[in-house]
Student: 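Quick one: the structure is below, questions incoming.
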Amino acid sequence: MPVCRRKVTIVGAGNVGATAAQRIAEAGVADVCLIDVVEGLPQGKALDLAEAAPLQHHDQVMVGTNDYTDTTESDVVVVTAGLARQPGMTRDDLLLQNAQIVRGVVAKAVHYSPDSILIIVTNPLDAMVHVALETSGFPRERVIGMAGVLDSSRFRAFIAQDLGVSSSDVSAFVLGGHGDTMVPLPRHSTVAGIPLPELMKPERIEALVERTRNGGAEIVSLLKSGSAFYAPASSVLHMVDSILNDRKRVLPCAVLLRGEYGVDDVVVGVPVVLGAAGIERIIEVSLTADEQKALQASAGSVRSLVETIGKATTA
Ligand code: TXD
């Protein structure tokens, strides 16, 4: 079989970025280039990961750098660069600062990897996908936000713990924005094919949905500083693996909708087929009036963030 080395650049060598680098290399999915603005940080982490390779039995090349020429011809670029909210900072401050960071890193990354697929991780997620779409000029199929894979993994974990079953047998269906505006669809969530409402009372399902919505905040309040990164990094691996191995997994991803689900020109999380071309298909299911309303509200909150960025850019 011809050997084909694949390359993933991860922008931002912080918690999510470095852990995703570890997961991707250890799964043998691709070589990894880790890049950050902080000098020494990506180099140190990449070297440490490379030194673990003999013990982890992989042969992936790990590069740490501050120079975008090293990212040349990446197949996938994962953007985790950004700031976390600092005391005294409003949500809008974070929005505008991260928009500026994402704009800068995407412009440089796509210059060196014009055929890549972008996976955006930086928060506020859905709005940052808009920024990446606009900056890269890439078609929507190649600019994909990571949030739904994480939200549904959290929901699956809680359902599995509650029912005392393997999480591998639990499949969860979520739509909408990341976190607060997530729209879970319990009737499409199953345990070994059995719809969740047949196994759990509505109040119990609602409690787990609520815990999932607050999943990020629950971890932040435990950690005191920083936010979740193990499950987010695993979510990135899942998406990268489905793309680079053309698995065509059906995963919830944030994508620019053009009329699907009654939403136009807004990035929202929906189930998609993820393969070598990026988003190969958007899967549409019919929604109840309540679900449709919740999805519209989710799209509305993303739209208002995008407008805030637009106003700040033109001001
Ligand atoms: O579901 C999801 N999408 C999320 C999103 C799940 C978890 C984390 N989520 C968001 O990802 C989080 O709110 C942040 O916006 C990003 C990254 O989270 P992480 O926990 O990895 O943050 P860190 O550890 O602070 O790392 C950020 C790194 C840090 O090393 C900075 O130096 C770097 O980003 N950074 C940059 N790198 C390159 N270029 C620029 N301009 C830059 N600015 C900061």
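These values consider heavy atoms only, across backbone and side chains, with no hydrogens, waters or symmetry-generated copies. Start at 1 and go down the list; that is how both ligands and their atoms are numbered.
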Student: Please classify the Ala81 to ligand 1 contact at 4.0 Å (heavy-atom distances, strictly less than): side chain, backbone, both or neither.
Tutor: both

Student: Starting from atom 5 (C) of ligand 1, what is the nearest protein heavy atom, named by residue and atom, and what distance separates them?
Tutor: Val121 O, 3.0 Å

Student: Nearest heavy atom to atom 25 (O) of ligand 1: which of Gly82, Gly226, Ser227 does it belong to?
Tutor: Gly82

Student: Quick check on contacts: which atoms of ligand 1 are under 4.0 angstrom from a heavy atom of Leu41?
Tutor: 30 (O)

Student: Among protein heavy atoms, which lies nearest atom 1 (O) of ligand 1, and at what distance?
Tutor: His178 NE2, 3.0 Å

Student: Strictly below 4.0 Å, N to O, side chains only: are Arg187 and Glu198 in salt-bridge contact?
Tutor: no

Student: Relative to the heavy atoms of Val38, which atoms of ligand 1 are at a distance of less than 4.0 Å?
Tutor: 32 (O)

Student: Based purely on interatomic distance, does Thr122 place a nitrogen or oxygen under 3.5 Å from a nitrogen or oxygen of ligand 1?
Tutor: no

Student: I need the nearest protein heavy-atom contact for atom 26 (O) of ligand 1: residue, atom name and distance, please.
Tutor: Gly14 CA, 3.3 Å

Student: Considering both backbone and side-chain atoms of Met146, is one of its nitrogen or oxygen atoms within less than 3.5 Å of a nitrogen or oxygen in ligand 1?
Tutor: yes

Student: Treat each ILVMFWY residue as a node, draw an edge where side-chain heavy atoms are under 4.5 Å apart, and state whether Val76 and Val79 are in one component.
Tutor: no

Student: Taking 4.0 Å as the limit for heavy-atom contacts, which would you say applies to Val105 with ligand 1: side chain only, backbone only, both, or neither?
Tutor: side chain

Student: Looking only at side chains, do Asn66 and Glu39 share a donor and an acceptor under 3.5 Å apart?
Tutor: no

Student: Quick one: which ligand 1 atoms are inside 4.0 Å of a heavy atom on Thr80?
Tutor: 16 (C), 17 (C), 27 (C)

Student: Write out the residue and atom name of the closest protein heavy atom to atom 13 (O) of ligand 1, then the distance separating them to 0.1 Å.
Tutor: Asn123 ND2, 3.1 Å

Student: Between Asn15 and ligand 1, find which residue part has any heavy-atom pair under 4.0 Å and reply side chain, backbone, both or neither.
Tutor: both

Student: Establish, from distance only, whether the side-chain atoms of Ser171 and Arg156 form a donor-acceptor pair under 3.5 Å.
Tutor: no

Student: Any chance CD of Glu73 has more than 12 other-residue heavy atoms, nucleotides or ligands included, within less than 6.0 Å?
Tutor: no

Student: Are any of the heavy atoms in Ala228 under 4.0 Å away from ligand 1?
Tutor: yes

Student: Decide whether Thr181 and Ser298 meet the rule of one side-chain donor and one side-chain acceptor closer than 3.5 Å.
Tutor: yes

Student: Please classify the Ile101 to ligand 1 contact at 4.0 Å (heavy-atom distances, strictly less than): side chain, backbone, both or neither.
Tutor: side chain

Student: Check each atom of ligand 1 against the heavy atoms of Pro232 and keep those under 4.0 Å away; list them by number with element.
Tutor: 6 (C), 7 (C)

Student: Please determine whether the number of non-hydrogen atoms from other residues, nucleotides or ligands lying under 6.0 Å from atom CD of Glu260 exceeds 12.
Tutor: yes

Student: Under a 3.5 Å cutoff, is there a donor and acceptor pairing between the side chains of His178 and Asp151?
Tutor: yes

Student: Side chain or backbone of Leu150 under 4.0 Å from ligand 1, or both, or neither, by non-hydrogen atoms?
Tutor: side chain

Student: Minimum distance, heavy atoms only, to atom 38 (C) of ligand 1: which one of Leu34, Val37, Asp151 is it?
Tutor: Val37

Student: I'd like to know if atom 22 (O) of ligand 1 has any protein heavy atom within a distance of less than 4.0 Å.
Tutor: no

Student: So, Thr69 versus Asp67: side-chain donor-acceptor pair below 3.5 Å or not?
Tutor: yes

Student: Using only heavy-atom distances, determine whether the side chains of Asn98 and Arg103 contain a donor-acceptor pair under 3.5 Å.
Tutor: no

Student: Decide, yes or no, whether a salt bridge links Asp241 with Arg247 under the criterion of side-chain N to carboxylate O below 4.0 Å.
Tutor: yes

Student: On a heavy-atom basis, which atom in Asp246 and which in Glu280 lie closest, and how many Å separate them?
Tutor: OD1-OE2, 3.7 Å

Student: Around atom 18 (O) of ligand 1, find the nearest protein heavy atom and jot down its residue, atom name and distance.
Tutor: Val16 CG2, 3.7 Å

Student: Looking only at protein heavy atoms, identify the closest one to atom 29 (C) of ligand 1 and say how far it is in Å.
Tutor: Asp36 OD2, 3.5 Å

Student: List the steps, then state whether salt bridge (charged side-chain N to carboxylate O under 4.0 Å, His left out) holds for Arg6 with Asp31.
Tutor: CA-CA 6 Å; Arg6 281 95 51 104; Asp31 294 341; over 6 Å; no

Student: I want to know if ligand 1 touches Leu125 in the polar sense, i.e. an N/O pair below 3.5 angstrom.
Tutor: no

